[in-house]
Structure formats: structure tokens, C-alpha cells
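First the structure, in the form of C-alpha cells, and then the observations on it.
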Amino acid sequence: METITLTIDGRKVKGETGQTVLEVALKNSIKIPYLCYHPKVSKTGACRVCIVRINGTILKASCVEPIAEGMTVVTEDEEIVKIRKFILELLLSDGDHNCLYCDANGDCEFQTLIQRYDIQEVKPSASRTPKEIDYESSNALKRNENRCILCGRCVKACREIQVSNVWSFTERGSETHLVADDGKRIGESSCVKCGTCAQLCPTGAITFQTVIGRGSNWELTSIPSICIYCGVGCKIDFYKNRDNILVKAMGNYTGPNEGHLCVKGRFGFDFVHSEKRLKKPLIKKNGVFVEAEWGEALNLVASRLREIKDKYGPDSIAALSSAKCTNEENYLLQKFIRSIIGTNNIDHCARL
Ligand code: FES
């Protein structure tokens, strides 16, 4: 890798061969606005919101412009602001972007830019045709195509991260729109509900069902955590509402999962508040489970294990451990099974 020195907004910064102007700027905390760019998917260069002035003359999309030795970059001037506003106004005019009833209100990259560039009322475009809203075909995702700005992040997330290829664009020009499979509603498509498209969506076009009606984005508090489902140890930022109820899970980009989650990590957290969660051990008496104290339950387990071992031998017993336990708990169980019971019949749910 060759080190390249360039100047962005008067600051000398360094990057490496193959990096783009936007990547180097972001790494140096220089803010260039963007919409179609996302660090986790390949570059599209579609929205042109990220335009910058290169070497004092030409305007280029910084997300796809490779850096060069001695390059000078201006990230904002009068003309750039004018063009960015024009692009944002065009996008705004082509959809239904009323934040008042949008699920992404308060957590929308498009809204942030609209406010940053002080865009006021925009007339709806003549070619705008209202699209169907898929409120509930999927219990994971809600889709409102009227809020889609055709950035393509969801298409790339589905193709490059989840490798499911559910989303794609169809038609041409002003008729271009997003389809799941060959035009199915999400719930009827081959979507596997990883939710990566919703996590990357910069507007309210694809949102999570779990949060709808359970709090506005600014009321949610994030809690960093680790997924309890398998051995990968994906990092998750859970979001709880004012009632301390978990309503959303977002993949954390610093974990081994690099922001990605599977359906279990993304949506399998409702058990946390389930009334059915065991709070006390249960013992079956006369064919019915009844609550018991820990002492009674543990004594029963110990005596039955001893009975079975004495009668049928240690290999008649097996233990299945759980990814929901800590490493220490799993270690102790295998130690107990091998040393105390005397069998190697021990396995773990993450291996199945
Ligand atoms: Fe660069 Fe969209 S972010 S063109």
C-alpha cells in the first residue's frame, strides 16, 4: 500500500492507494454528506450528494473518487451547497417524506440532510405515483416505497452481506422502483428477515416492525450487548423504550459480525419480557409441573442422576449445554459431566 498525501479543506491528510476521497475525509473526521454510500457495501455513486471540488475546478462524487498525491479537495462552497440542495429537493419532491408519520423520524439520514441544508417546502414532482405500502405482510419488516430514494443500499446489503438477492430495481427512469423477488410483498418473498436492509436504509422506506407504536426514535436508549444465540458472539445494540421494553436490535459494527445479524439476533429478543419465562424450577408431580424451591429441585436432580448412573452406567446420561450460558457455566457443565458423571456425552446447541 502506498501512502498518499492530499489536502482536504486546507488540512494535509494521508490515505492509502485505493481509498476514496470520502473514506479519507471520514477517517479524518471531515464531514462530507452522503446517502447512497455505506461503508459496509460496495460503492454506488448514485445520489451525488457527496460531490466535492477537486483541484480547484471539477466537481466529483467523493465516494467513488480515488485519492491522488497532491490532490486538493474542497468539501463545501457556494456552488456545492446549491447543487446539494437541488439534489435533495429532487429526491424530496419524488416521494412522500412527511416526517410526522414516518417511522424513521428522528433517526433518518435523509431528514438530517434536509435540515442541514435548510430545505423548506418542495412541490411534489409531476411524475410521482403513490406506491403501495406493505404494512404487515412480514412480521419483521415494514416497507413504504414512497419513502425510497433509490440509493440502492438495501439491494447491496441483501446481495453482498446476506447474499440473499431479495431486493432489486425494476423499470427505468422515473418509473424505477424497488422490488422484492419478482414483485412480491416482503412476507411472501424469499426474505430471510436478517433486517440488514432496514439497518442500512437511510430513510423510512424499510423499517422494523418491532418498534412500530412502541416509542419514537428520540425516546429510545441504546444498550450494547452480545447476542446469546450462538458461538459467534455478535455485538448488538439493543434499544429500549421509556417503559424499559426492548424494541429494536441493531448490529454493532465493531463486533465480529461487523454490523450484520441473523434473524434470531435481530428479532429473537421478545422472550426477554415473556410471561412464560421460568422464574422458579418446576417439578412434575402427578403429571403436572408445579413450582418448587431450588433446594428441592437440585436434590431431586442429584438423586435421579445418581440412581440412573448406578443402574444403567455413566454413558446412559448426556448433557446438552446452551449458548445462552456463559463460557464459565458451559465449562462447569462439561467438567461435571466428565469428572462427576464419568461420560463424554456432552454437546452444545451452537454446534448442532
Ligand atoms: Fe456519493 Fe451517493 S454518496 S454518490
Side-chain angles (χ1 to χ4, degrees), residues 4 6-9 13 15-55 57-68 71-95 97 104 107-119 122 125 145 147-161 167-169 172-174 176-178 196-206 253 258-259:
I4 293 173
L6 63 158
T7 306
I8 305 182
D9 290 343
V13 292
E16 284 168 355
T17 336
Q19 283 190 302
T20 63
V21 171
L22 181 61
E23 284 166 343
V24 174
L26 293 177
K27 201 164 170 224
N28 286 280
S29 306
I30 299 168
K31 284 188 184 159
I32 298 176
Y34 56 85
L35 280 173
C36 66
Y37 168 81
H38 192 282
K40 291 297 168 195
V41 292
S42 63
K43 295 155 190 91
T44 306
C47 73
R48 317 310 271 188
V49 165
C50 68
I51 48 160
V52 293
R53 191 174 301 283
I54 305 286
N55 296 336
T57 53
I58 194 161
L59 293 174
K60 291 271 186 106
S62 61
C63 68
V64 286
E65 183 64 16
I67 53 169
M71 177 187 259
T72 62
V73 179
V74 171
T75 63
E76 199 153 280
D77 60 23
E78 211 177 305
E79 191 187 6
I80 292 172
V81 169
K82 206 169 150 196
I83 295 171
R84 279 190 192 140
K85 281 182 89 157
F86 181 64
I87 293 168
L88 291 168
E89 281 167 3
L90 283 178
L91 290 173
L92 201 54
S93 70
D94 206 34
H97 296 288
D107 184 24
C108 170
E109 293 174 52
F110 188 43
Q111 182 186 41
T112 304
L113 291 185
I114 297 296
Q115 289 169 348
R116 172 173 165 180
Y117 287 96
D118 191 25
I119 293 173
V122 173
S125 111
E145 248 205 285
R147 301 203 169 113
C148 178
I149 55 169
L150 301 176
C151 68
R153 283 192 197 176
C154 55
V155 177
K156 293 200 161 178
C158 198
R159 183 179 302 155
E160 297 171 9
I161 301 176
W167 296 117
S168 57
F169 290 123
R172 290 287 180 274
S174 61
T176 308
H177 65 105
L178 196 67
T196 307
C197 55
Q199 174 156 339
L200 265 59
C201 179
T203 69
I206 308 175
Y253 293 107
E258 298 185 9

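Numbers for residues simply follow the sequence, beginning at 1. Note that the coordinates shown come from a computational prediction; the quantities given were computed from them, not determined experimentally. One-based numbering, in listed order, for ligands and for the atoms of each.
- Shortest non-hydrogen contact noted between Cys50 and Cys63 is SG-N, 3.4 Å.
- Rounded to 10°, the angle that SG of Cys63 and SG of Cys50 form at atom 1 (Fe) of ligand 1 is 100°.
- Classification of the His38-Tyr253 ring pair by plane angle, with boundaries at 30° and 60°, yields tilted.
- Closest approach of Ile119 to Val122, counting heavy atoms only: CG2-CG2, 3.8 Å.
- Annotation for ligand 1: atoms under 4.0 Å from non-hydrogen atoms of Gly45 are 4 (S).
- Counting heavy atoms closer than 4.0 Å to ligand 1, residue Ala46 contributes backbone atoms (N, CA, C, O) but none from C-beta onward.
- Side chain of Arg153 to main chain of Gln199: no donor-acceptor pair is present (N/O by atom type, distance under 3.5 Å, no hydrogens or angles).
- At a heavy-atom cutoff of 4.0 Å, ligand 1 is contacted by the backbone of Leu35 but not by its side chain.
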Legend entry - Step-by-step side-chain hydrogen bond (donor to acceptor under 3.5 Å, both in side chains) determination, Lys43 to Thr20: CA-CA 10 Å; Lys43 295 155 190 91; Thr20 63; 5.5 Å; no

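- Ranking the protein heavy atoms by distance from atom 4 (S) of ligand 1 puts Arg48 N, 3.1 Å first.
- Listed by number with element, the atoms of ligand 1 under 4.0 angstrom from any heavy atom of Cys47 are 2 (Fe), 3 (S), 4 (S).
- Closest of all the heavy-atom pairs between Val155 and Trp167 is CG1-O, 3.5 Å.
- When each atom of ligand 1 is checked for a heavy atom of Tyr37 under 4.0 Å away, the hits are 3 (S).
- Ligand 1 places these atoms under 4.0 Å from at least one heavy atom of Tyr34: 3 (S).
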